[in-house]
Amino acid sequence: MKIKNYMKTIFFLLCLLFSYKQLYAQDNFITNVNNRTHQSLGGKWKYIIDQYSTGSIGFSPLYENKKPADKTDRVEYSFDQAQSLWVPGSWNAQKDELYYYEGSVWYRKTFDFQRKLKNSRVFIYVGAANYKTDYSFNGKRLGTHEGGFTPFSFEVTDLIKDKDNFLILGVNNRREKENIPGMVTDWYNYGGITRDVTLVEVPQNYIDDFTIALKKETALSKEKEIVGSIQLTGPKHPTEAMIEIPELGLSKMIHINKEGKGNFSFKTRKVELWDPENPKLYTINISTDEDHLSDQVGFRSIETKGTQILLNGKPIFLRGISIHDENPTREDRANSMDDARLTLEWTKELGCNFARLAHYPHQENIVRLADELGILLWEELPLYWGIDWKNEEVLANAKRQYAEIIRRDKNRAASIIWSIANETQPDEARNHFLTEVAQYIRKIDPTRLLSAACKKDSWHDGDKSKWYMVSDPIAKELDIVSFNEYLGWYGGDPIECREKNFKIAYEKPVIISEFGGGALQGFHADSKTRWSEEYQANLYKENIDMFERVPGLSGMTPWILADFQSPLRQLPNVQDGWNRKGLVSEKGRKKQAFYVLQEYYESKKKQYAKK
């Protein structure tokens with residue numbers, strides 16, 4: 001009897017585990033949403049607060065959208081009578097009473113539906129919701145997505161109706177030890193559906209995805225080679241697909257194997273390579289007898305050689321700036337092309353050809369606009385303070401989130417660096433975790449460079465000279481060594497920059513991934529007075545001179561373009577909940593240090609133009 005009960009328990013637990021995995025499993029999400037038949041579900045959504053994150057009110061599951069059957073029926077919630085929140089957007093920025101709220105909020109959107117494609121398959125695409133999202137449609141729970149900054153989608157073909165559809169997303173932004181990021185961050189934890197939600201139609205057999213790139217070995221050749229693959233999905237996908245690049249006069253019919261995949265290559269002497277001075281994009285058309293998909297793609301190569309970064313085979317200095325995915329002027333997470341344009345126009349004015357999208361995946365709009373404007377990008381996950389390095393589920397989560405952002409952005413010429421960590425302390429568990437992540441990224445996207453903001457140590461060479469040594473063991477897995485340095489802000493005086501030198505344990509290019517200090521825009525004093533614009537400007541001058549002595553210096557991304565909200569920054573009448581290291585204030589006003597960096601970048605541009 002005991003054995004029988006034991007076996008029943010094991011069977012029950014296995015069923016639960018299978019159910020859990022099924023619930024969390026996500027088929028490859030729909031890509032290139034704006035290039036498909038689609039409509040936004042943005043606008044006002046009804047919401048209910050679920051402070052205890054139980055998923056139900058009065059024992060009634062919220063995803064069911066339950067309503068009283070008659071006057072005797074007890075239902076203790078009502079989406080119909082609830083208040084509204086705008087989507088996309090965080091709940092913190094929209095309701096004063098939710099400014100510091102961390103927990104669950106359940107959103108409901110109702111809509112009618114009329115097919116634009118005959119016999120189509122229908123998906124819901126969520127650009128991002130922070131952090132964990134339970135999704136259901138017309139009363140059926142469909143799954144859960146974890147990760148506050150990467151997209152996901154789910155199919156509703158068999159559930160959607162002509163009238164009275166309801167989509168419910170239960171979003172929980174509560175910080176947890178096993179999350180990515182962990183418990184403490186130096187940015188605001190915006191909760192909610194922070195990017196657009198889109199209804200997407202595709203044929204029964206559709207073009208699921210494609211990859212296309214310049215073969216880097218041919219970047220300097222007269223005849224260049226473009227290579228890639230196409231993936232079809234459906235119950236009976238075609239055996240052929242056509243790919244065309246009309247402007248180059250290239251087209252080819254591709255054989256599709258039984259798994260739905262086909263590979264292709266083109267050789268051409270006509271292609272113009274994408275670079276910041278000439279961000280040339282080509283229209284790519286892919287078609288089958290059922291489906292058609294277009295996209296705009298640039299062709300470039302990126303690699304390293306010794307201590308140099310080579311774009312299209314030529315050395316480049318990355319004149320960069322770090323950016324948060326936030327519109328400071330309206331104090332919310334960025335979510336539109338207008339938000340992206342505001343940020344990147346400041347970046348261009350600064351003289352940058354490069355931006356670090358810190359500390360998590362940013363909205364797709366900014367990546368696509370960078371393609372158009374010619375701004376190279378560093379992208380990363382929030383593998384940041386307090387990650388549970390020993391937890392294998394956290395490692396699997398990191399790999400899953402990297403797969404999602406790589407799937408979204410792999411065809412963007414602007415995106416050149418995946419970064420795997422920021423300000424993490426080396427130890428056996430952390431080194432193993434990040435090595436696994438690095439090797440996983442190389443496997444699924446070998447076309448880009450790897451970096452991380454590595455650990456830096458003080459070092460003395462026997463006399464009184466002070467050095468910094470960068471010998472973080474994870475750098476062995478990277479193409480570029482990067483580190484953060486705040487001398488003159490989190491220790492020392494800016495004048496000490498004149499005494500510092502650096503040793504890099506690896507013969508690789510170096511990017512200074514962060515430096516800087518805070519200033520309250522409009523506060524003026526001498527260069528010794530902290531929080532003044534003059535202090536920040538002088539700090540930049542001294543730091544820039546110091547970093548010119550770094551062996552293999554190939555770029556920098558000072559911290560940061562614009563002031564941003566952070567609960568760690570509470571100095572009254574100075575910070576007031578804002579990290580003040582921005583070169584631009586939350587009102588859009590430039591500080592003196594903006595022009596210091598602008599002048600330096602103009603000199604670097606001229607220097608590299610002569611090479």
Side-chain angles (χ1 to χ4, degrees), residues 209-231 243-245 247-252 254-255 261-284 286 295-318 353-354 370-371 374-379 402 406-407 409-420 438-451 475-481 506-511 552 554-555 608 611:
D209 195 18
F210 75 97
T211 302
I212 191 167
L214 179 76
K215 193 173 182 178
K216 68 181 180 183
E217 293 83 359
T218 67
L220 294 177
S221 304
K222 288 183 178 179
E223 186 174 66
K224 296 172 175 51
E225 188 172 2
I226 296 168
V227 297
S229 63
I230 296 171
Q231 180 68 52
I243 181 165
E244 301 172 285
I245 311 177
E247 190 174 343
L248 295 176
L250 300 174
S251 64
K252 183 171 288 188
I254 305 165
H255 172 71
K261 187 174 181 179
N263 300 314
F264 63 86
S265 67
F266 293 111
K267 291 185 177 180
T268 178
R269 291 173 176 262
K270 298 179 181 179
V271 65
E272 293 180 45
L273 298 187
W274 185 102
D275 68 36
E277 301 303 317
N278 178 39
K280 174 65 178 175
L281 300 177
Y282 290 92
T283 296
I284 310 297
I286 302 172
D295 203 353
Q296 295 70 47
V297 175
F299 298 107
R300 56 99 188 103
S301 68
I302 190 74
E303 58 189 320
T304 63
K305 184 178 181 181
T307 59
Q308 291 183 321
I309 298 173
L310 304 181
L311 177 66
N312 299 328
K314 300 175 183 178
I316 186 171
F317 186 86
L318 298 176
N353 61 7
F354 179 55
D371 254 12
I375 299 174
L376 296 157
L377 298 176
W378 156 317
E379 298 191 68
Y402 267 116
I406 289 170
R407 178 173 169 86
D409 292 344
K410 64 184 174 181
N411 290 323
R412 306 281 72 82
S415 180
I416 60 167
I417 295 172
W418 301 121
S419 176
I420 63 170
Q439 292 174 354
Y440 177 74
I441 293 174
R442 288 202 190 279
K443 181 179 178 180
I444 62 175
D445 182 16
T447 69
R448 287 176 174 79
L449 306 177
L450 286 186
S451 191
K476 291 183 290 187
E477 302 293 332
L478 308 176
D479 301 297
I480 297 169
V481 177
Y506 305 93
E507 188 72 8
K508 297 181 180 184
V510 175
I511 293 175
S554 296
Y608 271 73
K611 292 189 176 184

**L478 side chain reached by Y506 side chain, heavy atoms, under 4.5 Å** = no
**Fill in**
Of I375, L318, L311, the one forming a side chain to side chain contact (heavy atoms under 4.5 Å, CB included) with P276 is L311
**Request:** Verify side-chain contact (heavy atoms from CB on, under 4.5 Å) between V227 and F266, making sure each step is shown before the conclusion.
**Result:** CA-CA 6 Å; V227 297; F266 293 111; over 6 Å; no
**Approximate separation, where rounding is to 0.5 Å, of E303 CD and T447 OG1** = 12.0 Å
**Prompt:** Which pair of non-hydrogen atoms, one from R448 and one from S415, has the smallest distance, and what is that distance?
**Reply:** NE-O, 2.5 Å
**Message:** For the CG atom of N278 and the CG atom of L273, what is their distance to the nearest 0.5 Å?
**Reply:** 9.0 Å
**Message:** Less than 4.5 Å apart, side chain to side chain, heavy atoms only: is that true for L449 and I302?
**Reply:** yes
**Request:** Ignoring hydrogens and angles, tell me if any N or O in the side chain of N411 forms a donor-acceptor pair with the backbone of F210 under 3.5 Å.
**Result:** yes
**Request:** Check whether any side-chain heavy atom of L250 sits under 4.5 Å from a side-chain heavy atom of T268, and report yes or no.
**Result:** yes
**N353 side chain vs F317 backbone, donor-acceptor pair below 3.5 Å** = yes
**Asked** Could E247 and K280 be called an ion pair, given the rule that one side-chain N must be under 4.0 Å from one carboxylate O?
**Response** yes
**Request:** Grab the two heavy atoms, one from S451 and one from I480, that are nearest each other, plus how far apart they are.
**Result:** OG-O, 3.0 Å
**Request:** Identify the heavy atoms of E223 and K267 that sit nearest to each other, and give their distance.
**Result:** OE1-CD, 3.7 Å
**Request:** Might you point out which heavy atoms bring A219 and S301 nearest each other, and give the distance in Å?
**Result:** CB-OG, 3.3 Å
**Prompt:** What pair of heavy atoms forms the shortest contact from Y402 to I420, and how long is it?
**Reply:** OH-CA, 3.2 Å
**Message:** As a quick check of understanding, evaluate side-chain contact (heavy atoms from CB on, under 4.5 Å) for W418 and I406, giving each step before the final call.
**Reply:** CA-CA 9 Å; W418 301 121; I406 289 170; 3.5 Å; yes
**Message:** Could you report the tightest heavy-atom contact between A438 and L450, atom names first, then the distance?
**Reply:** O-CD1, 3.7 Å
**Request:** Mind checking the CD1-CD1 spacing from I243 to I230? Nearest 0.5 Å is all I need.
**Result:** 4.5 Å
**Item:** salt bridge (charged side-chain N to carboxylate O under 4.0 Å, His left out) between D479 and K508, intermediate numbers included
**Value:** CA-CA 7 Å; D479 301 297; K508 297 181 180 184; over 6 Å; no
**Item:** Rounded distance (nearest 0.5 Å) linking atom CD1 of I417 with atom CG of L376
**Value:** 8.5 Å
**Asked** Any donor and acceptor pair, going by atom type alone, linking the side chain of D275 with main-chain N or O of N312 inside 3.5 Å?
**Response** no
**Prompt:** For E225, does its backbone N or O pair with a side-chain atom of T218 as donor and acceptor, under 3.5 Å?
**Reply:** yes
**Asked** Once you round to the nearest 0.5 Å, how far does NZ of K261 lie from CD1 of I254?
**Response** 12.0 Å
**Prompt:** For the atom pair OG (S554) and CD1 (I309), what is the distance rounded to the nearest 0.5 Å?
**Reply:** 4.5 Å
**Prompt:** So which of R407, K410, Q231 actually passes side chain to side chain donor-acceptor pair (under 3.5 Å) with T211?
**Reply:** K410
**Message:** With a 3.5 Å distance limit and no angle check, can you tell me whether Y282 reaches the backbone of E272 through a side-chain donor-acceptor pair?
**Reply:** yes
**Item:** Side chains of I212 and I226 in contact at under 4.5 Å (non-hydrogen atoms)
**Value:** yes
**Asked** Does NZ or CZ of K224 lie under 6.0 Å from the centre of the six-membered ring of F299, at an angle within 45° of the ring axis?
**Response** no
**Request:** Run the salt-bridge test on D371 and R300 with the 4.0 Å N-O cut-off and return the result as yes or no.
**Result:** no
